[in-house]
Amino acid sequence: MSTTESGEESGVIRSVSRAGRSFPPPPAFAQKARLRDPAEYERLYRRSVDDPNGFWGDMAKSELAWTKPWTTVLSGEVPWVRWFDGGELNLSANCLDRHLATRGSKPAIIWEGEPGEERILTYAQLHAEVCQFAAVLKNLGVARGERVAIYMPMIPEAAVAMLACARIGAPHTVVFGGFSAEALRDRINDCEAKVCITSDGSYRRGKVIPLKANVDQALAHTPSVHSCVVVRRTGNEVTMKAGRDKWWHDVMEGQPTSTPAESLPAEHPLFILYTSGTTGKPKGIVHSTGGYLLGAHLTTKYIFDINDDDLYWCTADIGWVTGHSYVLYGPLSNGATTLMYEGAPDFPDKDRFWSIIARRKVTTFYTAPTAIRAFVRWGNEFPEKHDLSSLRLLGSVGEPINPEAWMWYHELVGRGRCPIVDTWWQTETGSIMLSPLPGITASKPGSCSIPFFGVVPEVVKRDGTKCGANEGGFLILRKPWPSMLRGIHGDPERYVKQYWSEIKGVYFTGDGSRCDEDNYFWVMGRVDDVLNVAGHRLGTAEIESALVSCPGVAEAAVVGPPHALKGQGICCFVTLKMGVVGNDAFKKQLSDHVVKEIGALARPDDIRFTDALPKTRSGKIMRRLLKEIATSGEAKGDTTTLEDLGVLSRLSAVREDEE
Ligand code: WTA
């Protein structure tokens, strides 16, 4: 990982102290909160780090339903640890079966389609559908441990499919519906999925996105997939390949509604979720069953302060880890009602989210800073015209939230009454690691504040020594936690190298942070070559390899200058082969090519042709300089190792030429 090149030099971890405002929990909220006594948090936290076996053992026993007790709570040494070894459980039984007696008729999922339809699935109904689809998967020959790919819109069947996989012990790999056919193909091939579940299409701003057509393209090159189940959602025409493709409604017909939940070892892999890293190849992050569920369950309970009468809404797509842990598994494990919305926030108008909150009386709302910045830009009149008084708690995730956006969220959405939990975590951590506890912690806008139980974060220098208060450094986690990743699918070396070798024996997050004088953490962004574009992680290397695979391109370097809405934009510096003309038509072609290779989320904001890229004497591209150029039009930083200074002035000139 080129932390020195792109992290330290980019200024990400340079930090200054800022005295800011602090917002104690609103008294009306705190009075009713599950955790409201700071001494209680202190006591629980201390025990969780001083006696992790005792703490997690007690929590696992009281919070989850096990079919077989474990023999050890934590065993092994990092990076290869096991939690609850010997124990067995089933995640779908924890999310469904155990609630049937007390919550059978309570809505588990309230779903709203983009065109406006509604579906409500009670715990009993969801359980029945999951059992049926689990039987379908078995009929298709899916055995315990075999992978199932899910490429679906935000429809209840996506949740059913995930829970059914968990029921029979088939790890799912959900691929965000915005990824391209190529990206889907690569992920399926990496984990050798046997079955793919999709829908004919999905709705986005009134238009139909043809998901099945992408699947058809992908499955032409995925030898492991023998079956594809297709949900009819949009009714658009699709090709059904005989022998391989089956309609969901056909295969579900007549299936039993009581498929038993398999008793699975706590360490049984629950899912593989691909996320971008510093190479061109995304990493398949592997999560366990027992430890993962405990993390998702407890954080939902304490950080979202979830209660039986809450209507909880997390706007993430199930294709991301937030969708796994906080649309589905965390809320359902707690017996809560989770809201799923299929479509865009600005369809049919820019108040769709506020209209949903007002109509359905949402109490808990969890979204991303990039969305909040869009709301700010759209104007106050949209939230103002709705009654948002049902809300009691707000959350934010995915990137640092700028204090201005925090204040807007607090005032316009929370109307000053709702605590905001700014939650820091990663695909790899499985559940929230840093966050205020809403009934206890005074929030500072922009800070994800304090560690959750069992989490021991620290901001350190390259040599692993602790930074002083407000000094910027690398964010690490010193102790293993139950919902931590168990590896990278098929690549144990990369797992060890990426996460456990930068600083020996501790988990390296890849984020820069500072910790202030009150021990509040302020995460500042990635220190590696990973961009955070609209809350989505994208590896610069992935975009670069897409660019370079386009005929005519010699070399490419991608950087992420600040972007008003997306947090970071995608700026590509491209050198062309001799004789190739860099004009607007070619820019468009390149941009379309990146979208084809990765998906629309990776569409470049800016492509600049240049005759050379600035490199160090050892041949490394100096992204820091490129980022400066992309941000301010010129590079002022240290250029002592730059090989050809002429390149720089030519690059700086590119922008002016264009304007
Ligand atoms: C960033 C999303 C600041 C961070 C759950 C992390 C954040 C990456 C926050 C993980 C936050 C997430 N404040 N930065 N509250 N939450 N990040 O894997 O850079 O999609 O490493 O998981 O998002 O992104 P991922």
Side-chain angles (χ1 to χ4, degrees), residues 1 3 6-7 10 12-13 15 174 176 178-179 271-278 282-285 287 295-296 299 303 314-327 329-330 366-372 394-403 405-406 409 420-436 443-452 455 457 459 472 474-477 483-485 488 498-499 507-515 520-539 560 566-568 601:
M1 187 185 318
T3 36
S6 49
S10 71
V12 152
I13 62 170
S15 183
V174 185
F176 172 55
F179 277 118
F271 66 83
I272 299 172
L273 185 60
Y274 286 85
T275 188
S276 295
T278 48
K283 305 174 277 194
I285 303 298
H287 277 288
T299 47
I303 295 171
C314 165
T315 67
D317 190 280
I318 43 123
W320 308 109
V321 74
T322 309
H324 287 55
S325 302
Y326 299 110
V327 173
Y329 295 138
Y366 189 31
T367 195
T370 184
I372 299 169
L394 304 175
S396 167
V397 62
E399 52 176 313
I401 178 165
N402 42 311
W406 195 102
Y409 200 27
I420 298 179
V421 289
D422 176 356
T423 62
W424 177 90
W425 60 296
Q426 307 178 299
T427 303
E428 293 86 341
T429 69
S431 60
I432 296 167
M433 299 281 103
L434 300 171
S435 169
S443 283
K444 302 187 189 185
S447 165
C448 52
S449 67
I450 59 169
F452 189 65
V455 178
V459 178
F474 302 105
L475 179 64
I476 57 152
L477 303 177
S483 68
M484 64 191 267
L485 75 167
I488 296 177
Q498 185 91 58
Y499 302 108
Y507 175 79
F508 190 78
T509 66
D511 278 341
S513 179
R514 70 186 166 93
C515 182
Y520 275 49
F521 286 80
W522 299 75
V523 174
M524 292 174 282
R526 304 288 310 184
V527 293
D528 54 11
D529 294 326
V530 174
L531 307 183
N532 191 330
V533 179
H536 302 143
R537 273 162 74 169
L538 283 170
K566 300 196 288 185
Q568 277 186 296
L601 68 168

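What you see is a predicted model; the values in this text were computed from it and never measured. First listed ligand is number 1; within each ligand, the first listed atom is number 1.
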*To which protein heavy atom is atom 4 (C) of ligand 1 closest, and what is the distance rounded to 0.1 Å?*
D511 OD2, 2.9 Å

_Tell me the contacting part of T322 for ligand 1: side chain, backbone, both, or neither, using a 4.0 Å heavy-atom threshold, strictly below._
side chain

*What's the spacing between S325 OG and W425 CH2 if we round to 0.5 Å?*
4.0 Å

_Considering non-hydrogen atoms of the protein only, which is the closest contact for atom 3 (C) of ligand 1, and what is the distance?_
P400 N, 3.1 Å

_If we count only N and O atoms by modelled type, under 3.5 Å, do the side chains of Y366 and S396 hold a donor and an acceptor together?_
no

*asked:* For ligand 1, which is the ligand I care about here, please tell me if T509 has any N or O atom under 3.5 Å from one of the ligand's N or O atoms.
replied: no

*Ring centroid separation for Y507 and Y499, is it under 6.0 angstrom?*
yes

_Please verify the inter-ring angle class for F271 with Y329; under 30° counts as parallel, over 60° as perpendicular, anything in between as tilted._
parallel

*Measure the CE-CD distance between M433 and E428 for me, rounded to the nearest 0.5 Å.*
11.0 Å

*Is a donor on one side and an acceptor on the other found under 3.5 Å between the side chain of H536 and the backbone of G398?*
no

*asked:* Please work out, at 4.0 Å between heavy atoms, whether the side chain, the backbone, both, or neither of L434 comes within that distance of ligand 1.
replied: neither

*Take V459 and F474 through the side chain to side chain contact (heavy atoms under 4.5 Å, CB included) test and state the conclusion after the steps.*
CA-CA 5 Å; V459 178; F474 302 105; over 6 Å; no

*Enter the distance from Y409:OH to D422:CG here, rounded to the nearest 0.5 Å.*
10.0 Å

*Among protein heavy atoms, which sits nearest to atom 10 (C) of ligand 1, and what does the distance come to when rounded to 0.1 Å?*
W425 O, 3.6 Å

*Short list, please: which atoms of ligand 1 are under 4.0 Å from a heavy atom of N532?*
1 (C), 23 (O)

*Interfacing atoms of ligand 1 (cut-off 4.0 Å, heavy-atom, V397)*: 5 (C)

*Does ligand 1 have any atom that is closer than 4.0 Å to a heavy atom of W320?*
no

_I'd like to know if the side chain of S435 pairs up with that of T423 as donor and acceptor (distance under 3.5 Å, no hydrogens or angles considered)._
no

*Which residue supplies the protein heavy atom nearest to atom 16 (N) of ligand 1, what is that atom called, and how far is it?*
G398 N, 3.1 Å

*Looking only at N/O atoms, are E428 and ligand 1 under 3.5 Å apart anywhere?*
no

_Nitrogen or oxygen of S396 less than 3.5 angstrom from that of ligand 1_ = no

_Candidate with minimal heavy-atom separation from atom 25 (P) of ligand 1, of L531, D422, T275, T427_ = T427

_Is the ring pair W320/F176 parallel, tilted or perpendicular, if the boundaries are 30 and 60 degrees?_
tilted

*Under 4.0 angstrom from ligand 1, any heavy atom of G510?*
no

*Looking at V523, which atoms of ligand 1 are within less than 4.0 Å of one of its heavy atoms?*
3 (C), 14 (N)

*Residue, atom name and distance, where the atom is the protein heavy atom closest to atom 24 (O) of ligand 1*: R537 CD, 3.2 Å

